[in-house]
Amino acid sequence: MRVVAGGAGNGGVTSGDGTGVVDAGAGARGLARWVLVAPAGAGFELLPIDAVGQAAGEVTWVDDLALGVSALEREAAPRWVWWRTAEVYPALLEAGVRVQRCHDLAAAQNLLNTYEGAAFVPPQSVVRESAGRSEQISLFGDEPGSSAGGAGVVGTTGGPDTAGHEEEVGRTESSGGRWVGTDGPDLDAPQDDLVLGSLVTEQTPLPSTREAPQGLAELQRLYAGQVAHVARVRRTHPGFALLVAAESAAGLAAVEMGRAGLPWSVRIHDEVLTDLLGPRPQHHGRPPKLQALAEEVSRLLVPGVTGPGPAMNPDSPGDVLKAFKRQGVLLTSTRAWELKEVEHPAVAPLLRYKELARLHVAHGWSWQGQWVRNGRFHPEYVPGGVVTGRWATSGGGALQIPKVMRACVVAEPGCVLVAADAGQLEPRILAALSGDRGMLAATADADMYTALARQALGRPEARNEAKIGLLAAMYGARANTPAMVALRRRFPKALELLERAARTGEDGGIVRSVLGRTCPPPDPTWQDVPLEQALARSRARGRFTRNFVIQASAADWANALVAGLRRRLSALSPAAELVFFQHDEVIVHVPAALAEAAVQAVVDSGAEATALVLGDRGVRIPLAAAPIASYADKN
DNA sequence: AGACGTTGCGCC
DNA sequence: AAAGGGCGCAACGTCT
C-alpha cells in the first residue's frame, strides 16, 4: 500500500499500519462531512470539503479507494462526492465497503441541465457511447464562481428552518413534513408554478455529463457550481435539493440491489418453464409444447400444407397476416387485442403460442443462465434512466418480470420477503399536486377508485368506470366518456391540472415534477412539418407533458421511499437487504426474526416519503407491507 | 454479416 | 370495448 500526498507540501497522510487507513489531516478528522473523490493516476485523490465545496482539509492520495473510504466512513460517515456512483461504488461493495450517502455529480448535473432546458441524457449513455460517435458538443465550461449564497446541494446550512431535507433522506430519522425552505403551498392556490415551468436559462454554458471532468480541481469546481446553482433553483423549486439527494441515494441503492440480487429459485423456475413449455430442448429451438402449438396454428391457417414443420412461422407478423388474408380475414396487425376480435379456430392457439413464446424468449432458460447466479437474479438498475425519473434496467428486464414468474422469487431458508407497494400511487399524486379537496378526501379510502365512483358517479359499483376514466385522463386519452365528464365536474382542480399540463406541452412548453425534475423541451424544429403532422406532434407532446407531471412526481416519491428504506434497513441489520424495486413497490429480504422490524421500516419510509415530497397536504399514500415466503403470495 | 428500424408484449 | 403515458427486450425484416 502506497499513499502519497496529492498536493504540494502537504503531509497529513499516514498508512504505516498497513491497513491503508488514511488520516486526512488533523483539520479534517471528525469534521469532514463532505469528501470529494477524484481518480488520479492509478489511484484516487480525496479532499475534505465544506458545504459549498471549498477545501476543508488536505488532499490525500490512495491507491486503494475501498480502504480509504472504509476508514473515513467509520470515522465520519461523510457524504462522498464523486462523478458517478455506478462507476465508483461497485468496487467498494466488492471490497465489503458500504457508504451511507453520496452526492453523484453526474446525476445532479443531469437534473440541473434538464431543469434549464437541456435534452435528456440517460445516465448510462456515457459508458455505452463515449467510445463511438461524439455528436455531443462538450459544453463543459466556466461554471459561475459567484455564489448565490446559502448552501444548496448537500448542506445542513441551507437555512435556519430547513435542516437540509436531503440530510433527512440520507440519514436522520425525523420527518418534518414541511416544504423545504418555504411555507407549504396554499391548498387553494393554483399549482401551476410548481408543475408548469418556464425556462430561466443559465447565463453560462451548462457542463456536459457526457464525459467526466478530469481531475480533482475540475470536480471541485463542478461541485461548487452545483451548490450555487441548486441554491438558485430552490428559490422557485424548494424541493430541488431533496430531488438531488434522493437521486444520489437511489444510485447507491441501485448498485447495492444489483449486487445483492433478487432471491430466485432455479428449481421452481425450471418447474414453471417445464410445466408451461415442456422439457427444455437440448439445443436451441422450440420446446415441445411451443412446437406443438406452432404446428397446430400452421395446420389451421395453412390447411393445404402437410409434412414436417410448420408451413408458416407464427413469430413472423408478416406470415400471420398473409395466412389470415388467405383465410379471408383482413388484419391491420397481429396484436393480441385485434386477434381476439376475430372468429377463427387458429386464433386461440396463436394467442396461447404468443404468450408462451414470449415467456420462453424473455424469461426462459437462456435468461436464467445469463442473469441468475447462485440463486439470485442480478439485474443492473439505472436510476433516472427514464426521462420521467423512473428507474430503467440495462439488462435482465427486472422491471418486466411476468406475473407467472413471481413464484420463482422465494425467501431463502430462515428468511422472509417483505413485499410492499403503494396502491394507486398516481391518482394519489394527482390529488396532492392539484390540491383538489374532494380528491384528497378520496385518498383516505384504501380503494380510492371506489371513493371516486361514489363521489363523482354516485355509484360505488362504478369503480371500474371511474378508474378507467381517471387513468385515461392521466394518460391523455381524448375520448370524453361519461365517467370523465363526471370526474371533471366533481374534481375540477385535479382534471384542470392535467389539462393545463397538456396545453403547456401542446404549445411547446415544459413541465416539472413536484420536486423540480423537468421534462425536455421539444426539438426546436418540432413543428417544421406539414400542418397535419404538426398537429399530431403537438397532441403527442400534450399527452407526454400531461403524464409527466404525474409519473415524474410519483418517481420523486418513490426515490424518497428507497432512500429512507435503505437507511433504515442499514441501521436494522446487515442481513436486511433491499432486493427489488419497481416503480412503486419494494421487496426486502430479511431473517424471519426481523420481519416485523422490516415491515415497520417500509411503512415508516413510505410515511416519510409522503411527508418530504408532498408535505402536509392531507394526501394519504398507503403502503401495504407484509412478510411472505414467495412473491407469488403477494396480494 | 452487421446495423438499424419495426413489431409485439411484458411490467408500472 | 380498444384509446391514451413511460420503458426493455427479442425476433423479424430490410438496408447497407
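From a predicted model like this one, the values you see are computed outputs, not experimental measurements. In what follows, chains are A, B, ... by sequence order, proteins preceding strands, each numbered from 1.
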OP1 or OP2 of dG8(B) versus the side-chain N and O atoms of T334(A): is any pair under 4.0 Å? yes

Within less than 4.0 Å of OP1 or OP2 of dG13(C), is there a side-chain N or O belonging to S316(A)? yes

To the nearest angstrom, the CG-P distance between N547(A) and dC12(B) comes to 16 Å

Residue whose nearest DNA chain C nucleotide is more 5′ - A540(A) or K340(A): K340(A)

Looking across every strand, which nucleic acid part, if any, lies under 4.0 Å from E338(A) by heavy atom: base, sugar-phosphate, or nothing? nothing

Base, sugar-phosphate or nothing for R406(A)? Non-hydrogen atoms, less than 4.0 Å. sugar-phosphate

Whole-Å gap separating P (dA3(C)) and NZ (K467(A)): 19 Å

Rounding to a whole Å, what distance do you find between K354(A):NZ and dA11(C):C1'? 11 Å

Have a look at R358(A) and say if it touches a base, only the backbone sugar-phosphate, or nothing, with a 4.0 Å heavy-atom cut-off. base

Using the side-chain heavy atoms of W337(A), tell me which of these nucleotides is nearest: dA2(C), dA1(C), dA10(C). dA2(C)

Q370(A) CD to dA10(C) C1': how many Å, rounded? 12 Å

Note: for D315(A) and R543(A) on DNA chain C, the residue whose nearest nucleotide lies more 5' is R543(A)

Any salt bridge linking D447(A) with R463(A)? Criterion: basic side-chain nitrogen under 4.0 Å from a carboxylate oxygen. yes

dC9(B), dG6(C), dG8(B): which one has an atom nearest the side-chain heavy atoms of V387(A)? dG6(C)

Stacking check Y475(A) vs dG4(C) (5.5 Å / 30 deg): no

Between C1' of dA10(C) and CZ of R286(A), the distance in whole Å: 14 Å

Rounded to whole Å, the CD-P distance (E355(A) to dC9(C)) equals 21 Å

Strictly distance-based, threshold 3.5 Å: is any side-chain N or O of E506(A) a donor or acceptor partner for the main-chain N or O of G542(A)? no

For the atom pair SG (C408(A)) and NE2 (H363(A)), what is the distance rounded to the nearest 0.5 Å? 9.5 Å

Atom-pair distance (CH2 on W557(A); P on dC12(B)), nearest Å: 15 Å

Taking the side chain of A477(A) as heavy atoms from C-beta outward, which of dA10(C), dC12(B), dG4(C) is closest to it? dG4(C)

Under 4.0 angstrom, heavy atoms only, what part of the nucleic acid is R335(A) near: base, sugar-phosphate, or nothing? sugar-phosphate

Mind checking if Q582(A) touches a base, just sugar-phosphate, or nothing, with heavy atoms under 4.0 Å? sugar-phosphate

Could you tell me whether F581(A) and Y381(A) have their ring centroids closer than 6.0 angstrom? no

Any idea which of dG8(B), dC7(C), dG5(C) is nearest the Q400(A) side chain? dC7(C)

Does this structure show an ion pair linking D523(A) with R537(A), if we count only N-O contacts that are shorter than 4.0 Å? no

Using a heavy-atom cut-off of 4.0 Å across all strands, would you classify A357(A) as base, sugar-phosphate, or nothing? nothing

Between dC12(B), dC9(B), dC12(C), which nucleotide gets closest to the side-chain atoms of A336(A)? dC9(B)

Separation of dC7(C) P from D584(A) CG (nearest whole Å): 17 Å

Taken to the nearest 0.5 Å, the spacing of I621(A) CD1 from I429(A) CD1 works out to 4.5 Å

